[in-house]
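Note that ligands are numbered from 1 as they come in the structure, with each ligand's atoms numbered from 1 the same way.
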Amino acid sequence: MKRVRIVVFFDCVMAVFLLCLVFQQRFLNAAVETGKRNEMIQEETKRVALTFDDGPNPEYTEKLLDGLKDREVKATFFLLGNQVELYPDIVKRMHEEGHLIGNHSYDHVNLGALCESEACTQIKKTNDAIYKVTGEYPEYLRPPFGSVKNKLDEDMNMIVTLWDIDTRDWEVQNVASIESKVLGKAKDGEIILMHDAYATSVTAALDLIDKMKQDGYEFVTVDELIFE
Ligand SMILES: [Zn+2]
């Protein structure tokens, strides 16, 4: 009788041991699967920054802001100082909704062709106009035409931000043509140049967000792209 009890006891111990082994294996498999899935998501996520120059525009910027808000996307706006002074409410909304605001000169001038003091004035006047509305001085400068003299950015303590993809939206003013410059071409970490000054640009930008999100793109602001 004693012998039978011992056998039953060992059978039970063995059964518990085997069950533990099975559960441990399943747990390990699940952990490996989760790890693989996370790696794939990281590999597939491509981050790009949509940037809009020449605003704020009284007709189109708010339409763009509405669309960005619906899609929970943050963009970067390089503003003209004179437009900021004309339409401060749009700039205020832009800031409150978490978009990054940069400097695009006061009068859309070729900073590279100006003498140093005139170029500095263009930047400073715009920084002051933006500060007056948002309470923050912009740190990023996109010189019109991508033209800037050496060291102006250092002298003004600003980060010059150019672009990787120029949609030439101001020239073509055609949604399909704008999209064709970006779809299937934008790579991880790239900056896309557009202008919130045309209906076609707003439509194309929002459409690009919808299409590219499905392909694993994430839309971030320029500072996130550069520093994170
Ligand atoms: Zn411009």
Please assess Ile209 against Leu68 for the test side chain to side chain contact (heavy atoms under 4.5 Å, CB included), listing each intermediate value before the final yes or no. CA-CA 9 Å; Ile209 291 170; Leu68 293 173; 3.6 Å; yes

Restricting to N/O/S atoms, is His108 within less than 2.8 Å of the Zn ion (ligand 1) or not? yes

Is there side-chain contact between Leu162 and Pro143, with heavy atoms separated by less than 4.5 Å? yes

N/O/S atom of Asp53 inside 2.8 Å of the Zn ion (ligand 1), strictly under: no

Distance only, no hydrogens: is a donor on one side chain within 3.5 Å (strictly under) of an acceptor on the other, for Tyr106 and Glu85? yes

Would you say the ring centers of His104 and His108 fall short of 6.0 Å from each other? yes

Have a look at Asp54 and say which of its N, O or S atoms is nearest the Zn ion (ligand 1). OD1

The Zn ion (ligand 1) - closest N/O/S atom in His104: NE2

